[in-house]
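Chain A is the first sequence line, chain B the second, and so forth, proteins listed ahead of strands; every chain is numbered from 1. Note: hydrogens, waters and symmetry copies are ignored here, and every other heavy atom, side chains too, is used.
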Amino acid sequence: MSSRLVSRAADYSGWYQQLVREADLAEHSEVKGCMVIKPYGFAIWEHMRDALDRMFKETGHVNAYFPLFIPKSYLSREASHVEGFAKECAVVTHYRLKNSPDGSGVIVDPEAKLAEELIVRPTSETIIWSTYRNWIQSYRDLPLLINQWANVVRWEMRTRLFLRTTEFLWQEGHTAHATAEEAVEETRRMLDVYTRFAEDYMAMPVLRGVKTANERFAGAVDTYCIEALMQDGKALQAGTSHFLGQNFAKAFDVKFLNKENKEEYVWATSWGVSTRLMGALIMTHGDDSGLIVPPRLAPIQVVLVPIYKKEEELNRLREIARGIADQCRAQGISCKIDDDDSKRPGWKFAEYEMKGVPLRLALGPRDVEANTIEVFRRDTQTKESRPLDTIAQQLPALLDDIQRSLYQIALDRRTANTHEANSWDEFKSLISERGGFVLAHWDGTSETEQRIKEETKATIRCIPLDAPAESGCCILTGQPSERRVVFAEAY
RNA sequence: CGGAGAGUAGCGCAGCCCGGUAGCGCACAACGUUCGGGACGUUGGGGUCGCAGGUUCAAAUCCUGUCUCUCCGACCA
């Protein structure tokens, strides 16, 4: 089992980067901070997208598409929103190029300056709410439940493939409601959708909670989030769902007549997850041999490798393999037969392990003779012989077991890396020496949160929704606190 | 924006100190032997040495300038 990856223990960041490249997920493009998502990586993203899209539709949402460009003035309509995004916006100032006078290519035509600059969307609240203004007049137009799959651009200082790129793919839901209660309910519903997606599809346990004022989305009243713990002990924000109150409705003057014929501002939510989830997937399940894709998201759930010497042998094996593949298809399992003659079995084994294919079947003359087939589980890296005749029927249970097991291992790891801190010294040593989630009391002030960040690099990931009330004293200031919050160093 | 490193074949790198025919591994192509854990042999194709100046008979190598990228920080919903 020769590994092409540096071990996680030796160099976690190096391991991540090598895995992304070696598993053929993505690579740096010629454009700074932007990535090329390669076909295999994109196939995984498509599975994520499809599953989420189904869940959105099941909860009553429809898809639409809004412009990539946002007039600069729109962004500044909501004060805290522009403050949050202004420093990372790409701006379009001209609409034409012309030949350079010295003949060395093209230059921006100074004559073609836009009257108003366009911002490449960092998020679409402003353009969408300026549109909703025209769509909403009556309570009968509500709720408006729309999602958009799109790319967005945020000019970040430092990027990492999938985790933070200048351009990334995501979905953003933008909904409008007649009452605050309904909007809050929607915010929570979508947090539930994200939670179910993370846990049921990605096999990634998440903490659900509310962000503190410091970490809140620019323009939101409340930001709910799911937070996952990566194998290196750092937290990753995996999805957010915002209750926007009437901030955007007021900024864009979106009013409706209620049943009492009274004019009111609309209540809003927005919620999103991005290709960052790919990073979460890698860092939740990957091991030193490569990626492990949970079966429910795997582009290839089962790969079948025939092992043969002569052409006649291959023909015989191919026939059996196709039979198995057909039965897989009938059960909704994606199965690839890799009979590429230019690669040897050992090469293929290593390759599919790197790519995290959950199950590998190896079929050679010896198996046919014994009426068996070799089954290799990517998650446990174990192989066993199973009866050939019934192998296809055994696969669903195996895939389910892998899916369940991946979740359980991730959950156990999170449990093992979640600690309570009851004093400042204990807190500091937990954060610096063990990492993980640290549950601690906090006095509720931004100042304290800021000081803790400056001294330990840890931030409050969320105020957990499910945690019981428990009175205590802030670890830093000793002021009273009513519940523990979740601290961690974050990506 | 601060610190570090790197630009030489598709990828990874050596060569630079000490100027003189541009090299190695992987990958690629052909053929043969192989094929149950990343095969081996033979042959072959592929490079304006990031860019621009300068020094020199001669520059990947020395000098000056410049651009880009990566990593670590800072920043970041």
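- Between A:R461 and A:T459, the side chains place a donor N or O and an acceptor N or O closer than 3.5 Å (distance only, hydrogens not considered).
- With both ends at atom C1', the span from B:rU68 to B:rC51 equals 10 Å, rounded to whole Å.
- No side-chain N or O of A:E199 forms a donor-acceptor pair with one of A:T195 less than 3.5 Å apart.
- For A:I307 and B:rG38, the CD1 to P distance is 12 Å, given to the nearest whole Å.
- The interatomic distance linking A:R160 (CZ) with B:rC69 (P) rounds to 18 Å, in whole Å.
- For the residue pair A:T445 / A:D443, a side-chain donor-acceptor distance below 3.5 Å is found, with atom types taken as modelled.
- Using a 4.0 Å heavy-atom criterion, one finds that A:R366 contacts the bases of the nucleic acid, with or without backbone contacts as well.
- A:S270 and A:H174 are not linked by any side-chain donor-acceptor pair at a separation below 3.5 angstrom, with hydrogens and angles left out of the test.
- Of all nucleotides present, only B:rG65 satisfies the Watson-Crick or G-U wobble test against B:rC51, with each distance under 3.5 Å.
- Going from the C1' atom of B:rU48 to that of B:rA60 covers 12 Å, rounded to whole Å.
- The P atoms of B:rA6 and B:rC63 are separated by 15 Å, rounded to the nearest whole Å.
- Closest-nucleotide positions on RNA chain B for A:K453 and A:G346 were compared, and the one nearer the 5' end corresponds to A:G346.
- Distance, A:W347 CH2 to B:rC26 C1': 13 Å, rounded to whole Å.
- Across the strands present, B:rA58 finds no partner; the criterion is a Watson-Crick or G-U wobble pair with both atom distances under 3.5 angstrom.
- Across every strand in view, B:rC26 sits in a pair with B:rG10 that passes the Watson-Crick or G-U test at under 3.5 angstrom.
- Taking atom P in both B:rC18 and B:rC28, one finds a spacing of 41 Å when rounded to whole Å.
- Partner assigned to B:rC1 is B:rG73, using Watson-Crick or G-U wobble distances below 3.5 angstrom.
- Counting non-hydrogen atoms under 4.0 angstrom, A:Q17 reaches the backbone sugars and phosphates but no base.
- Classified by interplanar angle (parallel below 30°, tilted 30° to 60°, perpendicular above 60°), the ring pair A:F243/A:W267 is parallel.
- B:rG47 and B:rC24: their P atoms are spaced 15 Å apart (whole Å).
- Across all strands, A:K310 comes closer than 4.0 Å to no nucleic acid atom at all (heavy-atom distances).
- Taking 3.5 Å as the limit, the base of B:rG36 and the side chain of A:R344 contain no donor-acceptor pair of atoms between them.
- Distance CD (A:E351) to P (B:rA27): 13 Å, rounded to an integer number of Å.
- Across all strands shown, B:rG46 forms no Watson-Crick or G-U wobble pair with both distances under 3.5 Å.
- Remark: B:rG37 base-pairs with no nucleotide; criterion is Watson-Crick or G-U wobble with both hydrogen-bond distances under 3.5 Å.
- The side chain of A:H28 sits closest to B:rU70 out of B:rC1, B:rG36, B:rU70.
- Of the P atoms belonging to B:rA9 and B:rG25, the separation is 15 Å, rounded to the nearest Å.
- Taking the P atom of each, B:rU61 and B:rG20 are spaced 10 Å apart, rounded to whole Å.
- Taking atom C1' in both B:rG15 and B:rC57, the straight-line distance is 23 Å, to the nearest Å.
- Taking atom CD on A:Q18 and atom P on B:rC26, their separation rounds to 19 Å, with Å as the unit.
- Atom pair A:L163:CG and B:rC75:C1' shows a separation of 16 Å (rounding to whole Å applied).
- Counting non-hydrogen atoms under 4.0 angstrom, A:R276 reaches nothing in the nucleic acid.
- For A:K343, the side-chain atoms get nearest to B:rC28 when compared with the rest of B:rA39, B:rC28, B:rG38.
- Look at A:D287 and A:R378 and you find a salt bridge, because one of the NZ, NE, NH1 or NH2 atoms lies within 4.0 Å of a carboxylate O, short of that distance.
- Using a 3.5 Å distance cut-off with no hydrogens or angles, the side chains of A:E186 and A:H61 do pair a donor with an acceptor.
- The NZ atom of A:K234 sits 8 Å away from the P atom of B:rC72 (whole-angstrom rounding).
- For the 3.5 Å distance criterion, the side chains of A:E172 and A:S124 qualify, holding a donor opposite an acceptor.
- If you check every strand for non-hydrogen atoms under 4.0 Å, A:E88 touches sugar and phosphate atoms only.
- In the set B:rC71, B:rC11, B:rC35, B:rC11 carries the atom at the smallest distance from any side-chain atom of A:R21.
- The CZ-P distance, from A:R360 to B:rG38, rounds to 12 Å in whole Å.
- Checking B:rG36, B:rG37, B:rA74 against the side-chain heavy atoms of A:A362 singles out B:rG36 as nearest.
- As judged by a 4.0 angstrom heavy-atom cut-off over every strand, A:K32 is placed among residues touching the sugar-phosphate backbone only.
- Across all strands, A:H242 comes closer than 4.0 Å to no nucleic acid atom at all (heavy-atom distances).
- The residue among A:E83 and A:R158 whose nearest nucleotide of RNA chain B is located toward the 5' end is A:R158.
- If you check every strand for non-hydrogen atoms under 4.0 Å, A:P306 touches nothing.
- Of the listed nucleotides (B:rG37, B:rG36, B:rG38), B:rG37 has the atom at the smallest distance from the side chain of A:K383.
- Residue A:S13 is in sugar-phosphate contact alone, with no base atom involved, counting any heavy-atom pair closer than 4.0 Å across all strands shown.
- Comparing B:rG38, B:rA74, B:rG36 by their nearest atom to the side chain of A:P345 picks out B:rG36.
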